[in-house]
Amino acid sequence: MTEQFTTEFAGDGTWSEESDWEVLDLEDGGDGESHVPVPTLAVVGRPNVGKSTLVNRIIGRREAVVEDIPGVTRDRVSYEANWSGRRFMVQDTGGWEPDAKGLQQSVARQAELAMQTADAILLVVDAVVGATATDEAVAKVLRRSKTPVLLVANKVDDGRTESEVAALWSLGLGQPHSVSATHGRGTGDLLDEVLAALPETPREGIPGGGPRRVALVGKPNVGKSSLLNKLSGDERSVVHNVAGTTVDPVDSIVELGGRPWRFVDTAGLRKRVSHASGAEFYASLRTKSAIEAAEVAILLIDASEPISEQDLRVLSMVADAGRALVVAFNKWDLVDEDRRLQLDREVDRDLVRVPWAQRVNISAQTGRAVQKLVPALDTALESWDKRIPTGRLNTWLKEVIAATPPPMRGGRLPRVMFATQAGTRPPTFVLFTTGFLEAGYRRFLERRLREEFNFDGSPVRISVRVREKRERRNR
């Protein structure tokens, strides 16, 4: 219905007949997405053996960030895959090294968690290099696991490398499966084996009920991964004081307020997408996609530092996507009285585009006030889904315009004949008028609309359709 309406009126923004007003009330039918739990396949191995390339091959699209540098993938990242009519999740993991330190130790821990929770495991080995000491250490751990394990010999691009594959039997994990993730060689046979190894249902069920989708966004090192870990009570994301630790969007089901939410921890945006390169370029695109796939975004801003250009750029991405918004000022435990006064001035100056956004002051590190995020998310989503009956909308509009008429244009006073809500998510209103309404007057109507109907936390869009002139209509 929404598409039909948009097509009818979007041409030149004019209307000629009152029958154009007869727009049926639109109903949100939901996205129809199935939330039936599906089994999970974890892809593990040491750094730079081609795990992310293989994941992209399995899911049939370029989702996992791939670059010719070891250690680009750091978190457990889940993607949905489908082979021969069966759905399953694929978890890409960072390179597993038994003696890792610092950041790499956190990466290795994520790989270990994936191995513990998956329903089947793919151990990827570089067939050209052969079995290394790290591969043998990983295989030793996996041999003790009760989870089905498939050994994958990657980078077998032609028959000449096949002779090297037999040596991988020494890992004690059964027959090595020869594949070339880059060229697709042998991946179909491997997926047949994966389906045979995966159970019909996962070991750990995912809470049902269609969880709302939340994107965690912000600049690097602002605390997005720390917040996700605090909310979930689990190490879902790698956290380190190195800025830019998260590269892929990390998708997690988290239970808050007695119901499930789907959180996506995104990469922090350092620079404009047009200026980014390599993994950072693809991470920027995936952050934008995560925002567009979400229903509400939590924008984390470091309250202890001045609001930056990066913060405002991410804010613009959320506003342009028309998503509900909660602004969470993180690291509030580091804010003193002087900084609070300065921050209030920065908010009034820099966040003028989203005065409607819900605001919460939190500390992801200590857990301060993170429980306040759920009511803020609920309010924002309720506003984002809200629909105003046409009769009530027009009664209100008539009173507002009678009290404050629009400014004159060309010596004539434009009249607003009728209004309707054309859609939700975000709420979108169309005004049928006899003349153009100034941008300032449209902002005035939006402000009064918010005051009357309470759209806290959601953007509101107002479109004007001007009646074509009589001479043009007669032609």
Side-chain angles (χ1 to χ4, degrees), residues 32-45 49-64 66 73 76-94 96 110-127 135 138-139 141-157 161-162 165-166 168-169 171-208 248 250-253 262:
E33 183 183 352
S34 172
H35 296 282
V36 177
V38 295
T40 298
L41 174 72
V43 181
V44 302
V49 294
K51 296 184 297 298
S52 295
T53 305
L54 180 59
V55 166
N56 284 339
R57 180 65 62 179
I58 290 173
I59 64 178
R61 57 191 184 275
R62 292 188 64 176
E63 285 278 350
V66 176
T73 303
R76 290 177 283 161
V77 189
S78 297
Y79 306 100
E80 186 171 311
N82 190 312
W83 181 253
S84 295
R86 274 188 66 187
R87 291 171 53 243
F88 58 96
M89 300 301 295
V90 182
Q91 269 195 350
D92 190 12
T93 64
W96 193 89
Q110 292 297 305
E112 291 170 9
L113 286 168
M115 289 189 278
Q116 292 166 12
T117 58
D119 300 290
I121 298 169
L122 289 186
L123 171 59
V124 184
V125 178
D126 186 334
D135 294 325
V138 178
V141 173
L142 293 178
R143 283 198 300 269
R144 296 195 298 265
S145 171
K146 295 180 180 178
T147 306
V149 179
L150 296 175
L151 176 61
V152 179
N154 191 25
K155 305 186 183 180
V156 183
D157 297 338
T161 320
E162 285 284 358
V165 174
L168 298 178
W169 280 89
L171 293 174
L173 292 172
Q175 178 185 352
H177 299 272
S178 304
V179 304
S180 170
T182 302
H183 303 296
R185 186 175 188 265
T187 52
D189 293 337
L190 173 63
L191 283 169
D192 289 339
E193 296 292 334
V194 165
L195 293 189
L198 281 173
E200 290 293 333
T201 56
R203 288 188 296 168
E204 297 183 4
I206 298 174
D248 297 276
V250 179
D251 199 331
S252 298
I253 298 288
R262 186 182 296 276

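This chain uses plain numbering: 1 for the first residue, then up along the sequence. All heavy atoms count here, side chains included; hydrogens, waters and symmetry mates do not.
- Residues Ile58 and Leu122 form a side-chain contact, since some pair of their non-hydrogen atoms from C-beta on lies under 4.5 Å apart.
- Asn154 is linked by a side-chain hydrogen bond (donor to acceptor under 3.5 Å, both in side chains) to nothing, counting only residues two or more places apart in sequence or in another chain.
- For residues 173-195, the set of pairs meeting the salt bridge (charged side-chain N to carboxylate O under 4.0 Å, His left out) definition, not counting sequence neighbours, comprises Glu162-Arg185.
- Residues satisfying the side-chain hydrogen bond (donor to acceptor under 3.5 Å, both in side chains) criterion with Asn82, sequence neighbours excluded, are absent altogether.
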Q: Evaluate side-chain contact (heavy atoms from CB on, under 4.5 Å) for Ile121 paired with Leu142, printing each intermediate quantity in order.
A: CA-CA 9 Å; Ile121 298 169; Leu142 293 178; 3.7 Å; yes

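- For the pair Val152 and Pro176, the minimum side-chain heavy-atom distance is 4.5 Å or more.
- Here the shortest heavy-atom pairing between Arg57 and His183 reads NH2-C, 3.6 Å.
- Remark: side-chain polar atoms of Arg87 are not paired, donor with acceptor, to backbone N or O of Glu80 under 3.5 angstrom.
- Heavy atoms only, all atoms of each residue included: Asp92 and Ser52 are closest at OD2-OG, 2.6 Å.
- Side-chain atoms of Leu151 and Leu171, non-hydrogen and from C-beta on, do get closer than 4.5 Å to each other.
- Within the 4.5 Å cutoff, the side chain of Trp83 has no heavy atoms near those of the Leu198 side chain.
- Here the side chains of Val156 and Ser180 are not in contact, with every heavy-atom distance at 4.5 Å or above.
- Contact annotation: the side chain of Leu191 never approaches that of Leu195 to less than 4.5 Å [non-hydrogen atoms, C-beta and beyond].
- Looking at Val49 and Val125, their side chains never come closer than 4.5 Å, going by heavy atoms from C-beta outward.
- Leu54 places a side-chain heavy atom less than 4.5 Å from the side chain of Val124.
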